[in-house]
Amino acid sequence: MSIATNLQRIKEQIPTGVTLVAVSKTHDNNAIMEAYRAGQRIFGENKVQELTQKFDTLPKDIQWHMIGHMQSNKVKYIIPFVSLIHGVDSLKLLQVINKEGQKYQRIIPCLLQVHIAKEETKFGFSPDELLQLSSHTIAELPFVDIQGLMGMATYTDNHLQIKDEFKTLKHLFDQLKAGIFHQSPQFTTLSMGMSDDFRIAIDQGSTMVRVGSSIFGLRDYTT
Ligand SMILES: *Cc1c(COP(=O)(O)O)cnc(C)c1O
């Protein structure tokens, strides 16, 4: 199956109003260009170095999303061009992004990553940490634009569990939207759903899905 065909199939399953991020990590420029020629403009990467290399060599109208965990000392490399940072998982990282954004005089769109999975390995804020955020803290970060939340469900075949986790995230999103972000019209993005669970995520209110292997094929981490 070609990348263009895969992309078309995925798009047919995504309602209008839900944004598709094509997760191109580990895949080369040729694969990305195939999706690009089929009309895709939003791509997601999870490593800073790979992201900057691809930005340097691929068409400039691509919107690059950083979807992975990021170390503070790497933030500066993507600040000049990144369209959306999904994986902001600590206040410290927000402060670093704010500082680097200020240097470039660029307000950086961010999503706060929430830890919803039952796994230890997933990064993110706990729901309680976010509910306790103060508007004072947010106001001190003028160079970050918090546009919503991102989360990953537990890696499991148990669809009921995945659904419950996404439901929890959507509920938290609604609470924050009505609470601390009630004067932030741009707080609209709920990034949840990957190849195996994006249909469940959309049913639970996702507005942005991050799909990799169903478009580009399985990733080969051995080369
Ligand atoms: C790799 C990755 C994806 C895409 O995963 P697939 O299962 O290949 O669709 C989505 N989100 C994040 C954060 C990822 O790291």
Side-chain angles (χ1 to χ4, degrees), residues 1-14 18-28 31-32 34-35 38 40 42-52 54 62-71 74-75 78 82-90 93 97 109-125 147-159 161-163 165-166 169-170 173 189-223:
M1 207 62 81
S2 79
I3 289 171
T5 312
N6 291 342
L7 189 60
Q8 188 53 39
R9 285 216 175 150
I10 300 291
K11 279 189 190 164
E12 280 163 9
Q13 300 175 65
I14 296 177
V18 175
T19 303
L20 171 63
V21 179
V23 176
S24 47
K25 64 190 187 197
T26 77
H27 296 286
D28 63 16
I32 295 174
E34 210 176 316
Q40 184 66 25
I42 305 176
F43 292 89
E45 291 284 336
N46 72 339
K47 296 224 157 58
V48 167
Q49 193 182 356
E50 193 174 339
L51 176 55
T52 51
K54 286 174 176 172
I62 289 179
Q63 296 167 43
W64 292 104
H65 287 197
M66 177 65 193
I67 62 168
H69 176 67
M70 228 185 348
Q71 286 164 316
K74 302 254 175 89
V75 168
I78 64 168
V82 72
S83 285
L84 182 61
I85 302 179
H86 290 235
V88 181
D89 55 7
S90 71
L93 190 58
I97 294 168
C110 293
L111 304 178
L112 303 178
Q113 183 169 354
V114 189
H115 183 107
I116 46 167
K118 302 280 181 292
E119 294 158 322
E120 288 298 327
T121 52
K122 302 248 154 86
F123 294 100
F125 291 94
Q147 299 189 341
L149 303 180
M150 179 270 215
M152 269 184 276
T154 302
Y155 186 72
T156 170
D157 287 335
N158 184 343
H159 283 198
Q161 182 181 348
I162 295 172
K163 181 180 154 188
E165 291 175 3
F166 285 151
L169 184 55
K170 164 70 169 150
F173 176 79
T189 301
L190 183 53
S191 168
M192 60 183 194
M194 319 188 355
S195 289
D196 288 337
D197 58 20
F198 74 86
R199 297 167 199 86
I200 306 173
I202 289 170
D203 282 344
Q204 296 308 316
S206 170
T207 70
M208 188 175 274
V209 294
R210 310 174 309 270
V211 179
S213 43
S214 293
I215 297 172
F216 293 105
L218 292 177
R219 287 177 290 273
D220 181 1
Y221 286 105
T222 58
T223 51

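Remember, it's 1-based here, ligands and their atoms both numbered in the order they're listed.
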What do you reckon, does Asp196 put a non-hydrogen atom under 4.0 Å from ligand 1? no
Verify side chain to side chain contact (heavy atoms under 4.5 Å, CB included) between Leu7 and Lys11, making sure each step is shown before the conclusion. CA-CA 6 Å; Leu7 189 60; Lys11 279 189 190 164; 4.1 Å; yes
Main-chain N/O of Ser191 paired with Arg210 side-chain donor or acceptor, under 3.5 Å: yes
I need the atoms of ligand 1 closer than 4.0 Å to a non-hydrogen atom of Met150, numbered in the order shown. 13 (C)
Is any side-chain heavy atom of Met208 closer than 4.5 Å to a side-chain heavy atom of His65? yes
From CA spacing to verdict: side-chain hydrogen bond (donor to acceptor under 3.5 Å, both in side chains), Ser2, Glu34: CA-CA 9 Å; Ser2 79; Glu34 210 176 316; 4.5 Å; no
Pick, from Lys25, His69, Arg210, Met194, the option with the minimum heavy-atom distance to atom 2 (C) of ligand 1. Lys25
With nothing but distance in play, are any N or O atoms of Gly212 less than 3.5 Å from an N or O of ligand 1? yes
Quick check: are there more than 12 heavy atoms from other residues, nucleotides or ligands sitting under 6.0 Å from CG of Asp28? yes
The protein heavy atom nearest to atom 13 (C) of ligand 1 is Ile67 O, 3.5 Å
Heavy atom of His86, distance to ligand 1 below 4.0 Å: no
Could you list which atoms of ligand 1 come closer than 4.0 Å to a heavy atom of Val211? 9 (O)
Write out the residue and atom name of the closest protein heavy atom to atom 9 (O) of ligand 1, then the distance separating them to 0.1 Å. Ser195 OG, 2.5 Å
Looking at side-chain heavy atoms only, is the closest gap between Glu45 and Trp64 below 4.5 Å? yes
Measure the shortest side-chain to side-chain distance between Ser24 and Phe216 over non-hydrogen atoms and say whether it is less than 4.5 angstrom. yes
Identify, by atom number and element, the atoms of ligand 1 in contact range of Met152, meaning under 4.0 Å from any of its heavy atoms. 13 (C)
